[in-house]
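Below is one structure, written out as structure tokens; the observations come after it.
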There are 2 protein chains.
Amino acid sequence: MIESGERARVQPETTEASRLVETAIQEGLLATLFGRCRVEYEGRAASTLKEGERLVVLKPDGTALVHSDEGQKPVNWQPPGCTHEVQTDGDSLVVRSRRETPEEVLLVEFESVDHVAIFDVTDDHDLSLTGTEEDLRDRILEDPSILEPGFEPRATERQTPAGAVDIYGVDGDGNAVVVELKRRRVGPDAVSQLNRYVESLERDLHAETTVRGFLVAPSVTERASRLLGERGLEFVSLAPSPDT
Amino acid sequence: MIESGERARVQPETTEASRLVETAIQEGLLATLFGRCRVEYEGRAASTLKEGERLVVLKPDGTALVHSDEGQKPVNWQPPGCTHEVQTDGDSLVVRSRRETPEEVLLVEFESVDHVAIFDVTDDHDLSLTGTEEDLRDRILEDPSILEPGFEPRATERQTPAGAVDIYGVDGDGNAVVVELKRRRVGPDAVSQLNRYVESLERDLHAETTVRGFLVAPSVTERASRLLGERGLEFVSLAPSPDT
DNA sequence: GTCTTCATGTCGGAT
DNA sequence: ATCCGACGTGAAGAC
């Protein structure tokens, strides 16, 4: 086990920084490094990042993150499942993170390391999230008349040749109804998605069956609204949470 | 300016941890905290995360990240532009990050802080990235016959009522051509997107004009391929980089 | 600000 | 493993 005093270093020697990161990799700990580095990536795409100061996070699950001073997204990264390696090269510290299928490599070369710390992380709890598309679905299943009086849900995730429909059902006149749900304001892409399912069902069911398509979301953009009209699709304004 | 020895603390007192984070917020530094905490979020959605050990990163641009031991995505976060606050509440340290439009709040309550560090980050360089859709576009513009002998590009980002077309041009017979580019293997969504542009142009141009739609990507899924066929659209296999 | 689309998207669930 | 769609998607460019 790592002693408390052995977990972090300010202005560490390269060999000492390397030793700490190596320990983290071996023991399944999370490691953070801060310092001046350059970064190279090659895999699904390829990138180069010149010298600058960044925070690097290596997770025990094989994730690597390179964060600059700005932005929510890391400037470079490697997904979970990668194998991390650390090595010294003269004064510089080099972190390599690899994966296969697809073959991807991330290389971080530190010219100087200002800070290293390693942590034994235990996180047993999952995130509980509300305001999702599932909440929106449940609102409609609980009271289908919100969509339209007479609407009767028959299935969720009903399969069509074009993919699974969020809610499938029938209206008061016995017409087939396809419902596509979105938790937030929708654009043209959502209209196309709904249209795909409707057209697919029209081919699949007998020709005489009318298939109505409903897009359910808090709101729609102007262009999406026009597209809905052109395709003969309908819109119902509804949010995942009753108050919003 | 922060003295080197003043930048990090292991097992800090709550007041000392608070002082460091406060300094980071005031002086535009990046702060990292590691410890046992619970997290609440409310905004576009709402979430709760029970006690566990996590790494929290506060960036000078107003970004907040809460990372657990797994995954590339933070378990909770706040986008750039937020205002961070830190305060002590008995033994616990509370970090609050707020933004407006939309109103969103992130609250991280530390029951214990194992480590705090703050960093003055300077990162002057931007990422240089290859293998993007733009690279794919340039390949075709450089040698349009890759798409089809006789193809002549006339515009990129040509506007239609349904949105901007990646490449617009004419084929050897004078027919209009719409090209949709994807840097990777495509599914049904890309087919729908191309179809939107083609249908929009068919309405926009005179009725007698034939509009051909090309999807250009490294590969296509089976379902997408079938959809292309049904719509009378064409596929050309091409990757952003010549070798892949 | 809103809109639209790309992304090394990531992630989860189903096949 | 691939496919498919949701995501508090994020980020960028256009308007």
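Quick note on labels: first sequence line is chain A, next is B, and so on, each numbered from 1.
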_Could you check whether the side chain of B:Gln78 and the base of D:dG8 have a donor-acceptor pair of N or O atoms closer than 3.5 Å, going by distance alone?_
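Flag set: donor-acceptor pair detected.
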Looking at [Y] and [X], is there a salt bridge between them, counting it only when a charged N and a carboxylate O are closer than 4.0 Å?
X        : Y        : value
A:Lys59  : B:Glu70  : no
A:Arg137 : A:Asp166 : no
A:Glu104 : A:Arg44  : yes
A:Glu148 : A:Arg212 : yes
B:Glu100 : B:Arg98  : no
A:Arg139 : A:Glu134 : no
A:Arg36  : A:Glu111 : yes

*Please determine, for the side chain of A:Ala45, which listed nucleotide (D:dG8, C:dT8, D:dC4) has the closest atom?*
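The listed nucleotide nearest to A:Ala45's side chain is C:dT8.
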*Given D:dC4, C:dG9, D:dA6, which nucleotide is nearest the side-chain atoms of B:Thr221?*
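Given the options D:dC4, C:dG9, D:dA6, the side chain of B:Thr221 is closest to D:dC4.
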OP1, OP2 of [N] versus side-chain N and O of [X]: anything below 4.0 Å?
X        : N      : value
B:Trp77  : D:dG10 : yes
A:Thr101 : D:dA1  : yes
B:Gln193 : C:dC6  : yes
B:Tyr197 : C:dT4  : no
B:Arg185 : D:dT2  : no
B:Lys182 : C:dC6  : yes

Give the rounded distance in Å between these two atoms: [atom1] of [X] and [atom2] of [N].
X        : N      : atom1 : atom2 : answer
B:Glu180 : C:dA7  : CD    : P     : 10 Å
B:Arg184 : D:dC3  : CZ    : C1'   : 11 Å
A:Glu157 : C:dG13 : CD    : P     : 12 Å
A:His67  : D:dG10 : NE2   : P     : 13 Å
A:Gln72  : C:dG9  : CD    : C1'   : 12 Å

*Would you indicate whether B:Glu42, at its atom CD, is surrounded by more than 12 heavy atoms from other residues, nucleotides or ligands within a distance under 6.0 Å?*
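Result for CD/B:Glu42: open.
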*Using ring pair (Phe, Tyr, Trp, His ring centres under 6.0 Å) as the criterion, list what pairs up with B:Phe34, not counting sequence neighbours.*
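With sequence neighbours excluded, B:Phe34 shows a ring pair (Phe, Tyr, Trp, His ring centres under 6.0 Å) to A:Phe119, given in chain and number order.
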*Whole-angstrom distance between C:dT8 and D:dA14, as gauged at atom C1'*: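 Between the two C1' atoms, the distance is 25 Å.
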_Atom C1', compared across D:dT9 and D:dG5: separation rounded to whole Å_ =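 The same atom, C1', in both gives a distance of 12 Å.
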What's touching nucleotides 12-15 of chain D from the protein side, N or O pairs under 3.5 Å?
none

*Could you check which residues of residues 123-142 of chain B get a heavy atom under 4.0 Å from DNA chain C? Sort them by number, please.*
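Within this stretch, B:Leu127, B:Leu129, B:Thr132, B:Glu133 sit under 4.0 Å of the strand.
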*Mapping A:Pro79 and B:Ala162 to their closest nucleotides on DNA chain C, which lands nearer the 5' end?*
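Checking each residue's closest nucleotide, the 5'-ward one belongs to B:Ala162.
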_Audit row: A:Thr63, B:Gln72, side-chain hydrogen bond (donor to acceptor under 3.5 Å, both in side chains) steps and yes/no_ = CA-CA 6 Å; A:Thr63 301; B:Gln72 179 173 338; 6.0 Å; no
